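Below is one structure, written out as structure tokens; comments come after it.
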Amino acid sequence: NGEASPPEEATSDDEGPAFPALPMPEAVVWERGLTSLLGDRVRVEADSYDGDVASLGYITRLVDDEGQVRGAFLVDAIAAIELGGRLLMLPDGAREDMRATEPTEDVIEGMSEVLNVMSRHVNELDGADHIRATPLVPVALGIDDWLDRARTRRDLVDEHGGRTILLGV
């Protein structure tokens, strides 16, 4: 049906989902990937985020070949505008103006493509099952209630202050 299924729930006989935790790339790998994709160096560093990850606002779910959610990339509006906007080659001034409002549909689609390309860095990790990225959408309550149960997590911030959180179920 093309829809992603929520992560499997643990049963009383079992400590977790029936599959291994999905590993997530280190900040340096994410930085190299973004720099290669966008053509200019994008500085990224690990930076712990103590807030509710759903509050970042946008999610790309990572699904396996059976359509089961195995993880997610979450981004805030700043990351979407700066990285998606750079992929679309928006001038600095246009991205700066957009930061005062919300990302446009084109910028969201651009960021969706950035995250789709970046998902290959998960697939290249030892122990990672093959996953694919779904389009970037707003976080949906009810569908994304599993976010606080992620087994792997990487909190990143880019040079523009945009936040990206990589989660593996």
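From a predicted model like this one, the values you see are computed outputs, not experimental measurements.
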Can you tell me how far [atom2] of [Y] sits from [atom1] of [X], rounded to the nearest 0.5 angstrom?
X	Y	atom1	atom2	result
W30	T35	CH2	OG1	12.5 Å
M118	M111	CE	CE	8.5 Å
E159	D40	CD	CG	9.0 Å

Taking [Y]'s backbone N and O only, do any of them form a donor-acceptor pair with [X]'s side chain (distance below 3.5 Å, no angle check)?
X	Y	value
T152	L167	no
N116	T134	no
R120	G33	no

For salt bridge (charged side-chain N to carboxylate O under 4.0 Å, His left out), just list the numbers for E82 and R86, CA-CA rounded to whole Å, side-chain angles, deciding distance to a tenth of an Å, and then say yes or no. CA-CA 6 Å; E82 291 298 333; R86 283 174 71 175; over 6 Å; no
Take H160 and R99 through the test side-chain contact (heavy atoms from CB on, under 4.5 Å) and record every step on the way to the result. CA-CA 11 Å; H160 303 284; R99 286 176 71 157; 3.9 Å; yes
L136 vs F73, test: side-chain contact (heavy atoms from CB on, under 4.5 Å). Steps then yes/no. CA-CA 9 Å; L136 186 67; F73 300 152; over 6 Å; no
Donor + acceptor pair across side chains of D64, H130 (<3.5 Å):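 Looking only at side-chain atoms, H130 and D64 do not form any donor-acceptor pair under 3.5 Å.
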Check whether the side chains of Y58 and T164 place a donor and an acceptor atom closer than 3.5 Å, and report yes or no. no
Strictly below 4.0 Å, N to O, side chains only: are [X] and [Y] in salt-bridge contact?
X	Y	result
R43	E31	no
R153	D155	yes
R163	D47	yes

Please tell me if the side chains of L125 and P25 come closer than 4.5 Å, counting only heavy atoms from C-beta onward. yes
Does any part of the side chain of T104, heavy atoms only, come nearer than 4.5 Å to the side chain of M98, both counted from C-beta?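 In contact.
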Group every Ile, Leu, Val, Met, Phe, Trp and Tyr by side-chain heavy-atom contacts under 4.5 Å, then state whether [X] and [Y] land in the same group.
X	Y	answer
I165	W146	yes
L83	I81	no
L56	V107	no
V117	L88	no
V44	V122	yes

Kindly give the heavy-atom pair with the smallest separation between [X] and [Y], and that separation in Å.
X	Y	answer
A27	A46	CB-N, 3.8 Å
L115	T60	CD1-OG1, 3.3 Å
P135	S112	CA-OG, 3.2 Å
I59	P138	CG2-O, 4.0 Å
G162	D76	CA-OD1, 3.5 Å
L156	L166	CD1-CD1, 3.9 Å

Quick one, Q68 with V63, criterion side-chain contact (heavy atoms from CB on, under 4.5 Å). Give me CA distance, side-chain angles, the key distance, then yes/no. CA-CA 5 Å; Q68 181 74 31; V63 298; over 6 Å; no
Could you check R32 against V29 for side-chain contact (heavy atoms from CB on, under 4.5 Å), going step by step and ending with a plain yes or no? CA-CA 5 Å; R32 273 190 301 231; V29 173; 3.5 Å; yes
